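Working notes, beginning with the structure itself.
Note that this is a predicted model, so its numbers are computed, not measured.
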Amino acid sequence: MPWSNQNGGGPWGGGGGGNKGPWGQGPNRPRGGGGGRGNGGPPDLEEILRRGQDHLKGIVPGGFNGGAVAIIALVLLGFFLLNAIYTVQPDERGVEMRFGKPKEEISMPGLHFHLWPLETVELVKITEQQQNIGGRSGLGDQNASGLMLTGDQNIVNVQFSVLFSVTDPRAYLFNVENPSQTLQQVAESAMREVVGRRPAQDIFRDNRQAIALDVKSTIQATMDAYAAGLSVNTVSIEDAAPPREVADAFDEVQRAEQDEDRFVEEANQYANQVLGRARGQGAQIREEAAAYKDRIVKEAQGEAQRFVSVYDAYRQAPDVTRTRLYLETMQEVLGKSKKIIIDERNGQGVLPYLPLNEINPRPAPAQGGAQ
């Protein structure tokens, strides 16, 4: 065999004359009735136990029996203190229960002591927590909690979250069996109620804030009726979209509505532009008419005033007024006509001349005509 050596021993190198084991000794049992080692045999178990007892007696005061009781008592005391002392974090409140009945006192942050196991404690987080509701599910999903029917008979998939905080830990723990699940069901029901009264356009983009406020007030009123001990801080609508099966058709409708809105806006802009131009022209015409009216009235008033002043002057001096009017008239008439003045003394040999060519002018020949 591969582990045999030159001496012909076993695998642990024993000689041919001795039957030894792997640790240099044979399987021989100790001889005699003594409790110690006999002829190099293994140690006695009873001797080992006796030595351990002697060593323990030297360590534990009062001997082994009294020390064991003390150790057990210390262990039980430590276990009791470990369960009786608890810590409340700054974002938590503790509710102690005696035989399962909650106490009136609320444990504030810090170290606290209670009589365990007669008393137990429940820790509740009072900081703001978030509850997500709804999701991107299809029409065939049995758990599609976000699918809702709007007031105009459209199906929308609403995903929203509710932020709440615990105001009464005792009521939060014992008035409602499962506050988180109850809040989720109440929030979903409130959202369905509010969305069911409004058209789909409101939840998609037009009036999300008003919907969130209505849902928040409905949730808070319902949880107050349940005395759940929590306050709803915010309802946030994160996403609202049609189901996947009708998303393409809905997008087409949305694009058509957007085109309609764009055309209406362009028509309104054109109408405002034309109407503004017409109003400007109308205002200009009215201003010109008012100016013309004022000018004519002022001229008529001036003419009447001049006539009255002339009449007053005529009544005071008729001859002078007639002469002045005659001269003014002749000046106006003669000032606009061509005239030749001939002195009677030096004008005896003047031959009258009629400008016949100027009276009957010849027509000019047409261009390109015969010579």
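Partners of Y86 under the ring pair (Phe, Tyr, Trp, His ring centres under 6.0 Å) rule, at least two apart in sequence or in another chain, are H112, H114. Among residues two or more places apart in sequence or in another chain, the side-chain hydrogen bond (donor to acceptor under 3.5 Å, both in side chains) test is passed with S189 by none. Checked against side-chain hydrogen bond (donor to acceptor under 3.5 Å, both in side chains), S161 has the following partners two or more places apart in sequence or in another chain: E238. Residues satisfying the side-chain hydrogen bond (donor to acceptor under 3.5 Å, both in side chains) test with R322, not counting sequence neighbours, are Y314, D319. Residues satisfying the side-chain hydrogen bond (donor to acceptor under 3.5 Å, both in side chains) criterion with K125, sequence neighbours excluded, are D91. Under the salt bridge (charged side-chain N to carboxylate O under 4.0 Å, His left out) criterion, R255 pairs with E252, sequence neighbours left out.
Within a 6.0 Å radius of CD in E332, other residues, nucleotides and ligands contribute 12 heavy atoms or fewer.
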Below 3.5 Å, can you tabulate the donor-acceptor pairs from side chains in residues 299-313 to any protein atom, sequence neighbours excluded?
{"from": "E299", "atom 1": "OE2", "to": "R295", "atom 2": "NH1", "distance (Å)": "3.4"}
{"from": "E303", "atom 1": "OE1", "to": "R306", "atom 2": "NH2", "distance (Å)": "3.2"}
{"from": "S309", "atom 1": "OG", "to": "Q305", "atom 2": "O", "distance (Å)": "3.3"}
{"from": "S309", "atom 1": "OG", "to": "R306", "atom 2": "O", "distance (Å)": "2.6"}
{"from": "D312", "atom 1": "OD1", "to": "R315", "atom 2": "NH2", "distance (Å)": "3.4"}

Quick one: side chains of residues 216-232, donor-acceptor pairs under 3.5 Å with protein atoms, not counting sequence neighbours, listed by atom name and distance.
{"from": "S217", "atom 1": "OG", "to": "L213", "atom 2": "O", "distance (Å)": "3.4"}
{"from": "S217", "atom 1": "OG", "to": "D214", "atom 2": "O", "distance (Å)": "2.8"}
{"from": "T218", "atom 1": "OG1", "to": "D214", "atom 2": "O", "distance (Å)": "2.9"}
{"from": "Q220", "atom 1": "OE1", "to": "V232", "atom 2": "N", "distance (Å)": "2.6"}
{"from": "Q220", "atom 1": "NE2", "to": "D224", "atom 2": "OD1", "distance (Å)": "2.8"}
{"from": "Q220", "atom 1": "NE2", "to": "D224", "atom 2": "OD2", "distance (Å)": "3.4"}
{"from": "Q220", "atom 1": "NE2", "to": "L230", "atom 2": "O", "distance (Å)": "3.4"}
{"from": "T222", "atom 1": "OG1", "to": "T218", "atom 2": "O", "distance (Å)": "2.9"}

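Screening E96, K103, M97 for a side-chain contact (heavy atoms from CB on, under 4.5 Å) involving V121 leaves a single residue, E96. For the side-chain contact (heavy atoms from CB on, under 4.5 Å) with Q129, the qualifying choice from L163, V162, V166 is V166, the only one to do so.
Residue Q185 holds its CD atom at 10.0 Å from OG of S180, rounded to the nearest 0.5 Å. Here the CD atom belonging to E328 is positioned 10.0 Å from the OG1 atom belonging to T321, to the nearest 0.5 angstrom. Put simply, CZ on F99 and OG1 on T120 are 10.5 Å apart, with the number rounded to the nearest 0.5 Å. Here the CD1 atom belonging to I126 is positioned 12.5 Å from the OH atom belonging to Y172, to the nearest 0.5 angstrom. With values rounded to the nearest 0.5 angstrom, N268 atom CG is found 13.0 Å from Q273 atom CD.
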**Prompt:** Given Q89 and T87, is the side-chain contact (heavy atoms from CB on, under 4.5 Å) satisfied, shown in steps?
**Reply:** CA-CA 6 Å; Q89 300 297 330; T87 304; 3.9 Å; yes

**Message:** Using the rule given for side-chain contact (heavy atoms from CB on, under 4.5 Å), can you reason through Q159 versus I133, listing the C-alpha separation, both sets of side-chain angles and the distance that settles it, and then say yes or no?
**Reply:** CA-CA 6 Å; Q159 181 178 0; I133 303 171; over 6 Å; no

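Within the structure, the salt bridge (charged side-chain N to carboxylate O under 4.0 Å, His left out) test picks out no pair touching residues 75-90 (sequence neighbours left out). Sorted by first and then second residue, the salt bridge (charged side-chain N to carboxylate O under 4.0 Å, His left out) pairs with a member in residues 261-271 read D259-R262, R262-E266; sequence neighbours excluded. Sorted by first then second residue, the salt bridge (charged side-chain N to carboxylate O under 4.0 Å, His left out) pairs that include residues 167-186, not counting sequence neighbours, are E104-R170.
Contact of the V158 side chain with the D239 side chain is not registered, since no non-hydrogen atoms from C-beta on lie closer than 4.5 Å. Put simply, the side chain of L325 does not reach to within 4.5 Å of the side chain of L327, judged on heavy atoms. Using a 4.5 Å heavy-atom threshold, the side chains of P109 and R93 count as touching. With a 4.5 Å cut-off on side-chain heavy atoms, N233 and S165 count as touching.
Clustering ILVMFWY residues whenever any of their side-chain heavy atoms sit less than 4.5 angstrom apart, transitively, puts V88 in a cluster other than the one holding V95.
The two residues A212 and I237 have their closest heavy-atom pair at N-CD1, 4.3 Å. Nearest heavy atoms, L123 versus G94: CD2-CA, 3.8 Å.
With R192 contributing its side chain and L147 its backbone, the two residues share a donor-acceptor pair below 3.5 Å.
Grouping Ile, Leu, Val, Met, Phe, Trp and Tyr by side-chain contacts under 4.5 Å, direct or through others, puts I296 with Y292.
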